[in-house]
Amino acid sequence: MADYEYDVLIIGSGPGGYVAAIRAAQLGLKTACVESRETLGGTCLNVGCIPSKALLHGSELFDEAANGTLAKFGVKTGKVEIDVATFQSEKAAAVKDLTGGIAFLFKKNKVDWLKGHATFKDTHTIEVDGAAHTAKNIVIATGSSVTPLPGVEVDNEKGVIVDSTGGLALPAVPKTMVVIGGGVIGLELGSVWRRLGAKVIVVEFLDQLLPGMDGDVRKEAAKIFAKQGMELRLSTKVTGASVRGKTATLTLEPAAGGASETLKADCVLVSIGRRPNTEGLGLDAIGLELNKRGQIETDHSFRTKVDGVWAIGDVIPGPMLAHKAEDEGIAVAENIAGQVGIVNHAVIPSVVYTMPEIAGVGLTEEAARESLKASGGEIKVGKFPMLANSRAKTNRETDGFVKVIADAATDRVLGVWAIATVAGTMIAEAALGMEFGATSEDIAYTCHAHPTHSEAIKEAAMAVRGKPIHM
Ligand code: FAD
Ligand code: NAD
């Protein structure tokens, strides 16, 4: 049998790759992780989840002080101003802490960090900046990058037309920001700069925001964002852009076609999705083909069609989420070690970290109805407004609702959706319940602490088959 330098070599150190590396090392496998960035942690820690959450948090603090929320509770602040340099440096500190934390964990677990860009030479050999490394198993965890929009050229240095990386690093609050794409990134980053004073206009191709989410949630979210002052231009497409000095001029058209108009802004954020990173990986050398969406297909164990080569995270099908990548990282390492690593892709929560937060797990109402249609089955839906939740009322945070969708025949929960200030934290309970095969009755008869926002989940579950108490 051939001798290899490593049992497992992972390409990419994002939430998929670094977690796979640590788990593989914990399981006694000799492990290396290749990363072309200066720091570990991938998109998520460097230019994604972590910096965006730091800016969201900072802008929420500013908003609470500036919009009268603090004053309403008697907290006097005087003149409220934002120092963008400090705001940005606090974000940078969080990124430094967390990426440094991964480097510490690699050392602690004896994972070798190979610095540079990896290219396949053959199924068991990778070249990293001229040096060859061999491994019995190679895991592709190369993640994703911003999808470009033809005719709208991103230049993060100039800072007029930016992608999410540029949008996280603006040195000043724009007067007007046009967000192209009313998805997760557009709404999170749009919220940050709106709270700090920008006029934000969201241009979305579809007739609703947040594709893939529950229909009621999408409608309610649009109402809430409009109430907060975002201008929503739905069913509209951007057909071109030009930049003169510090101003961009966009050409817009109805999505279905029609008369065009122009829109000027001092910042344009392009956030129309992300695409898998496979360029320059040398997949031809191992005969690994991509699917129509440019993704690497795997089986349930995360094996690709090429023996000894595995793939996880944003580069394979499924939602592009850090926790999905992490769970796949653990599973792939366990499978390589001869254990049984499984990810239940039917129960992956998703959260939009706006204020209020928007979260869901399992099927939307539309998908649940459709999935039972073939067998003649039906669903039952229970809804409970945050306006009737005592904690939300006390905190003066009454926007939103919780919705529980169950199979009418078995009562098994098929999906849970929530808009609430802490919906991202609340949804963990729903995911755990669904993982254990909970019925709506199980949730309705589980004692929930009072007063908490989570009581709204219990009440929505009560509404599936009977009546909630507080409505
Ligand atoms: P990535 O994190 O993309 O990591 C892949 C790594 O591989 C990169 O560091 C890259 O440099 C490296 N690499 C690629 N090719 C090579 C090569 N050939 N050689 C060496 N190294 C290579 N998800 C959430 O769940 N919650 C959030 O709040 C959230 N917020 C986000 C905010 C923003 C602005 C963005 C852009 C994304 C956000 N995401 C969020 C999505 C999340 O970042 C991704 O789903 C996650 O990072 C995917 O992990 P991954 O390991 O598959 O890949
Ligand atoms: P997205 O897929 O969430 O949203 C893109 C939006 O752009 C969609 O609504 C789409 O209809 C619209 N769009 C596409 N082409 C358009 C065009 N030409 N003109 C106008 N609108 C157009 O993508 P994103 O917001 O760029 O985020 C990328 C990925 O990053 C997502 O898959 C998401 O899962 C992940 N992410 C997750 C989080 C989180 O978990 N909180 C945060 C940020 C990013």
Side-chain angles (χ1 to χ4, degrees), residues 10-20 33-53 55-56 99 114-120 126-129 140-147 149-152 163-165 167-168 179-190 202-213 218 233-239 252-253 255 269-282 311-316 318-326 328-329 348-354 357-359 424:
I10 293 146
I11 309 176
S13 72
Y18 87 72
V19 167
C33 183
V34 194
E35 175 54 62
S36 54
R37 256 178 232 278
E38 288 295 303
T39 46
L40 298 172
T43 304
C44 179
L45 276 68
N46 288 282
V47 289
C49 328
I50 296 306
S52 60
K53 267 76 247 177
L55 296 192
L56 281 156
T99 55
L114 308 177
K115 297 181 184 179
H117 184 91
T119 310
F120 276 98
I126 289 290
E127 192 175 286
V128 183
D129 290 349
I140 303 172
T142 49
S144 63
S145 315
V146 174
T147 305
L149 178 59
V152 184
D163 59 20
S164 55
T165 302
L168 286 166
V179 171
I180 308 179
V184 194
I185 292 181
L187 294 170
E188 288 188 0
L189 286 185
V202 179
V203 181
E204 166 58 50
F205 185 80
L206 301 174
D207 61 357
Q208 282 293 339
L209 304 172
L210 296 169
M213 293 214 148
R218 296 173 75 185
R233 305 287 302 268
L234 304 176
S235 304
T236 305
K237 65 183 172 193
V238 173
T239 51
L252 267 55
E253 255 180 39
L269 170 68
V270 180
S271 51
I272 59 160
R274 295 178 61 82
R275 59 180 187 185
N277 287 334
T278 52
E279 254 180 54
L281 248 185
I312 56 169
D314 280 9
V315 80
I316 72 169
M320 289 182 164
L321 295 172
H323 41 280
K324 176 243 187 203
E326 287 186 48
E328 291 176 350
I348 307 268
S350 60
V351 181
V352 188
Y353 297 88
T354 46
E357 293 177 345
I358 303 167

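We number each residue from 1, following the sequence as shown. Atoms within a ligand are numbered from 1 in the order they appear, just like the ligands themselves.
- A distance-only check finds no donor-acceptor pair linking the side chain of T119 to the backbone of G282 [under 3.5 Å].
- Protein heavy atom nearest atom 7 (O) of ligand 2, with residue, atom name and distance: G181 CA, 3.2 Å.
- Remark: ligand 2 and M320 share an N or O pair separated by less than 3.5 Å (distance only, no angle test).
- Annotation: side chain to side chain donor-acceptor pair (under 3.5 Å) contacts of S144 (sequence neighbours excluded): R274, D314.
- Contact record, I312 with A20: CD1-CB, 4.1 Å, taken as the closest heavy-atom pair.
- The closest heavy-atom contact to atom 4 (O) of ligand 2, among the options S350, G183, G48, comes from G183.
- Within the 3.5 Å criterion, the main-chain N or O of I180 finds a donor-acceptor partner in the side chain of S271.
- Annotation: side chain of L234 is in contact with side chain of L209 (closest heavy-atom distance under 4.5 Å).
- Protein heavy atom closest to atom 3 (O) of ligand 2, with residue, atom name and distance, is V184 N, 3.3 Å.
- Ligand 2 places these atoms under 4.0 Å from at least one heavy atom of Y353: 41 (N).
- Nearest non-hydrogen protein atom to atom 30 (O) of ligand 2 is R274 CD, 3.6 Å.
- Here the shortest heavy-atom pairing between P319 and K324 reads O-CD, 3.2 Å.
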Original post:
Please walk me through it: do R218 and L206 pass side-chain contact (heavy atoms from CB on, under 4.5 Å)?
Top reply: CA-CA 11 Å; R218 296 173 75 185; L206 301 174; 4.2 Å; yes

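- In this structure, atom 20 (C) of ligand 2 lies nearest to the protein heavy atom F205 N, 3.4 Å.
- Heavy-atom proximity to atom 16 (C) of ligand 2, evaluated over L56, L252, L149, I272, is greatest for I272.
- A search for side chain to side chain donor-acceptor pair (under 3.5 Å) contacts involving E204 returns nothing, not counting sequence neighbours.
- Atoms of ligand 2 found under 4.0 Å from any heavy atom of V203, numbered from 1 in the order shown, are 20 (C), 21 (N).
- I180 CG2, 3.8 Å is the protein heavy atom nearest to atom 19 (N) of ligand 2.
- Under the side chain to side chain donor-acceptor pair (under 3.5 Å) criterion, E188 pairs with K53, not counting sequence neighbours.
- Two residues are said to be in side-chain contact when any heavy atoms from C-beta on lie closer than 4.5 Å; E357 and L56 fail this criterion.
- Here's the thing with P211: none of its N/O atoms is less than 3.5 angstrom from an N/O atom of ligand 2.
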**OP:** Given side-chain contact (heavy atoms from CB on, under 4.5 Å), test L40 with Y18 step by step and report yes or no.
**Re:** CA-CA 8 Å; L40 298 172; Y18 87 72; 5.9 Å; no

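- Side-chain contact annotation: T39 with N46, donor-acceptor N/O pair under 3.5 Å present.
- The nearest heavy-atom contact from the protein to atom 25 (O) of ligand 2 is I185 N, 2.9 Å.
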Original post:
Passes side-chain contact (heavy atoms from CB on, under 4.5 Å), F205 versus I272? Steps please.
Top reply: CA-CA 9 Å; F205 185 80; I272 59 160; over 6 Å; no

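- Counting atoms of ligand 2 from 1 in the listed order, those under 4.0 Å from a heavy atom of E188 are 39 (C), 41 (N), 42 (C).
- Scanning V351, T354, L210, L234 for the heavy atom closest to atom 41 (N) of ligand 2 points to V351.
- Scanning all protein heavy atoms for the shortest distance to atom 11 (O) of ligand 2 gives E204 OE2, 2.6 Å.
- Not a single N or O atom of L321, backbone or side chain, sits closer than 3.5 Å to an N or O atom of ligand 2.
- The L206 neighbourhood of ligand 2 comprises atoms 11 (O), with distances under 4.0 Å to a heavy atom of that residue.
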**OP:** Walk me through it: do T99 and R37 pass the test side-chain contact (heavy atoms from CB on, under 4.5 Å)?
**Re:** CA-CA 11 Å; T99 55; R37 256 178 232 278; over 6 Å; no

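- Under a 4.0 Å heavy-atom criterion, G273 is in contact with ligand 2.
- Between V47 and S164, the closest side-chain pair of non-hydrogen atoms is not below 4.5 Å.
- If you look at ligand 1, the protein residues with a non-hydrogen atom under 4.0 Å away are I11, G12, S13, G14, P15, G16, G17, V34, E35, S36, R37, G42, T43, C44, V47, G48, C49, S52, K53, G116, H117, A118, A141, T142, G143, S144, S164, I185, R274, L281, G313, D314, M320, L321, A322, H323, A325, Y353.
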